[in-house]
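Here the structure is laid out as structure tokens; the discussion comes afterwards.
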There are 2 protein chains.
Amino acid sequence: MRSGQITIKDIAKELGISASTVSRALKDHPDISSKTKEAVNELAKKWHYKPNAVALSLRNSKTNIIGVIIPEIVHHFFSSVISGIEDVASKAGYNVMIFQSNESYEREMENVQALLSSRVDGVLVSMSKETKDHSHFRELRDNGIPIVFFDRVCNDLSSDNVIVDDFAGAFAAVEHLIKIGCKRIAHLSAPQHLLLAQNRQKGFRQAMSKHKIPIDENLIIKCDSFDEAFLKTPELLALPEPPDAIFAVNELTAAGALLMVKKSGLKVPEDISIVGFTDGVVSRITDPSLTTLEQHGFDIGLKAAELIVERITAGDMDYEPVTKVVKTSLIVRGSTRPI
Amino acid sequence: MRSGQITIKDIAKELGISASTVSRALKDHPDISSKTKEAVNELAKKWHYKPNAVALSLRNSKTNIIGVIIPEIVHHFFSSVISGIEDVASKAGYNVMIFQSNESYEREMENVQALLSSRVDGVLVSMSKETKDHSHFRELRDNGIPIVFFDRVCNDLSSDNVIVDDFAGAFAAVEHLIKIGCKRIAHLSAPQHLLLAQNRQKGFRQAMSKHKIPIDENLIIKCDSFDEAFLKTPELLALPEPPDAIFAVNELTAAGALLMVKKSGLKVPEDISIVGFTDGVVSRITDPSLTTLEQHGFDIGLKAAELIVERITAGDMDYEPVTKVVKTSLIVRGSTRPI
DNA sequence: CTGAAAGCGCTAACAG
DNA sequence: CTGTTAGCGCTTTCAG
């Protein structure tokens, strides 16, 4: 067997015609005689001819590749997003190239370099927690590569964004806690340079003040992982006036808090109600299962991919950035007490 | 600003030299005068020149892309594998292209076509549950593209494999159940055309017979998802002689069984011990947390990626296939009673 | 030390 | 209806 894959030339040679004729025959060009077309198509099928995407990319200056940079793949939310992206992309004829930043700014910049080299047609990014400078993203745009940010977006770079309605989600969650009678609500929050964290905290505060509940700043702490919840929850419970509810910035943190509350002998939801954010498997599987906000990761992936495909096909880098907001939905489960 | 990215030609033109000189200068060719080199490198940096990977791919017939086909990204195990793959790949200078089969044979074949078209250098596959015919994978190989299967491997196609030691894992799990005194052990199993499912069941059977415990075939049922566990667990518990332990083929199934057992009023682990397979977040978060087998998804990804990179660099399709086995580790948690 | 030319696979303008 | 040519960006002989 010959090495390498079949090319248009191989077919041309076999049939004693020119490469361009083969090319035209394969795309059913009206100029070509049906006899030639038949012969070409038959041989192409027989030999399993597959157009060389690399050659096409070079010729058309279009790779049909969408690059994706995410902090961590191993994360229910992010893998859902990728799943959504892959879905839209494959339907639109694009392939998806994945890069992990591992929450490192350094790595994220390398990823961007690789993306530039690869000449991807568009890029989808959820920023690393470390990232504060955005010039590498600007470089993509300067090179005519459209970007859509999702979830962890840039506040200073004017850009296309697809985000969760963090504010409304947090607001709804906290309002729910208030409605079921909670008064001292703690908030386990993420670093405040993330827009997402800001908005969730804003939602928390606004819900509290709407219902005229004083905010105890001691109940708002930075705590955004399963392990950190193990450390910090006991401290909260040890306060002179401990909380009667916890609103956590994400699912794993909520699960960690839940475990620690139970371990300390308190009952959920009788003594303390807990609400998380993001509806992954985790929230369904804890005992009691977690009241949480469905974040619709898959939808975010869909929307982000649709938007980037739009930008790519428009081919015009002079667009007005849009921000698409995906609504969250409050899912009430066992970790909050009934009204 | 010019549209498209900077090319070697742009630099050549600006400097009044030829493209080939620029090319050589950029790769520090000894023939080139240091003055020229300096000028070229300076301008390249100033203009943010990035070599066009597409052109390189075409020229070298090498894309530096590794294609990955997996059933579902949204799955702790698979996303861990991808993470491992991405890690190795990026270090070795490869990019990773992701395709989901969504457990569909149809889709998997389309993925392979896309991979062929993309001229990826190598492919990593975990087969869909539906796949019984493997000619599409053979086509990859016939075109000189090496494949490494992981986790869900092909039994009839002789190929490189990276698998979990399912047999030993299952054996260890069941032996542990026996040691803590369980006698009637149920096995929630996956479809038997998957090698993985066969091996786990074999491990189950062998452990039982080693300890001379009779196997009740009514306690071996096909049940491999969270929802299915909701349906089938009550049936098991309603048997005249219900089980005193459950060994589930995966984590979510174990979690589903756990919930149903608790719901039926029985206590875990006092009345029934449960062991799962795969150590994802889920197993750590259930109450009690699940005794399970760490499947080392990340390691599988590492190994698979290392192997494919090896095959690619060897560039010889005439190799003796190897099967690498990643050991599982039994993690004992609260869902099994102490000895 | 540098340049011109050819070729990776494909297509589109141009020319019969 | 079909072939020739040129070019996408890059490297690598071969010539100077």
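Per chain, numbering begins at 1; letters A, B, ... match sequence-line order.
One finds no side-chain N or O of A/Ser33 lying less than 4.0 angstrom from the OP1 or OP2 phosphate oxygen of D/dC1. For the pair B/Lys9 and D/dC8, the criterion of a side-chain N or O lying under 4.0 Å from OP1 or OP2 is met. Contact check, A/Ser23 against C/dT11: a side-chain N or O comes under 4.0 Å of OP1 or OP2. Between B/Tyr49 and D/dC10, a side-chain N or O to OP1/OP2 separation shorter than 4.0 Å is present.
Side-chain N/O atoms of B/Arg24 and base N/O atoms of C/dG3 include a donor-acceptor pair closer than 3.5 Å. Residue A/Thr36 places no side-chain atom within donor-acceptor reach of the base of D/dT2, judged by atom type and a 3.5 Å distance cut-off alone. Applying the 3.5 Å distance criterion, the base of C/dC10 shares a donor-acceptor pair with the side chain of A/Arg59.
For A/Ala19, counting side-chain heavy atoms from C-beta on, the closest listed nucleotide (C/dG3, D/dG9, C/dT11) is C/dT11. Closest contact between the side chain of B/Ile17 and the listed nucleotides C/dG3, D/dC10, C/dC1 involves C/dG3. For B/Ser20, the side-chain atoms get nearest to D/dT12 when compared with the rest of D/dG3, C/dG9, D/dT12. Distances from the side chain of B/Leu58 to the nucleotides C/dC8, D/dT2, C/dT2 place C/dC8 closest. Closest to the A/Ser18 side chain, of the nucleotides D/dG3, D/dC8, C/dA4, is D/dG3.
Distance A/Lys27 NZ to C/dA12 P: 6 Å, rounded to the nearest Å. When rounded to the nearest whole Å, the span between CD1 of A/Ile6 and P of C/dC10 equals 10 Å. Rounded to whole Å, atom P of D/dG9 lies 15 Å from atom CG of B/Leu26. Counting to the nearest Å, the C1' atom of D/dG9 and the CG atom of A/Leu116 are 16 Å from each other. When the C1' atom of D/dT11 is taken as reference, atom CD1 of B/Ile8 falls 8 Å away, rounded to whole Å. With rounding to whole Å, A/Asp10 atom CG is found 10 Å from C/dC8 atom P. With rounding to whole Å, A/Lys50 atom NZ is found 17 Å from C/dC10 atom C1'. Summarising the geometry, the separation between CG on B/Asp31 and C1' on D/dT12 is reported as 12 Å, rounded to the nearest angstrom.
Taking 4.0 Å as the cut-off between side-chain N and carboxylate O, B/Glu14 and B/Lys46 do not count as a salt-bridged pair. Taking a cutoff of 4.0 Å between a charged side-chain nitrogen and a carboxylate oxygen, B/Lys129 and B/Glu72 do not qualify as a salt bridge. Between A/Glu108 and A/Arg152, no side-chain nitrogen of the basic residue sits less than 4.0 Å from a carboxylate oxygen of the acidic one, so the salt-bridge criterion is not met.
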Go through it in stages, so that I can follow the logic: the residues are A/Arg107 and B/Ser90, the test is side-chain hydrogen bond (donor to acceptor under 3.5 Å, both in side chains), and I'd like the CA-CA distance, side-chain angles, deciding distance and then a yes or no. CA-CA 10 Å; A/Arg107 188 81 186 266; B/Ser90 71; 3.0 Å; yes

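Counting any heavy atom pair closer than 4.0 Å across all strands shown, A/Ser61 reaches no nucleic acid atom. In this structure, B/Asn52 reaches the sugar-phosphate backbone alone: every heavy-atom distance under 4.0 Å involves primed, P, OP1 or OP2 atoms, never a base.
Each of A/Asn60 and B/Ala55 was matched to the nucleotide of DNA chain C holding its nearest heavy atom; the match closer to the 5' end belongs to B/Ala55.
B/Ser118 places no side-chain N or O within 3.5 Å of a backbone atom of B/Val120 that could act as its donor or acceptor partner.
Ring pair B/Phe78/B/His75 is perpendicular by interplanar angle, where above 60° counts as perpendicular and below 30° as parallel.
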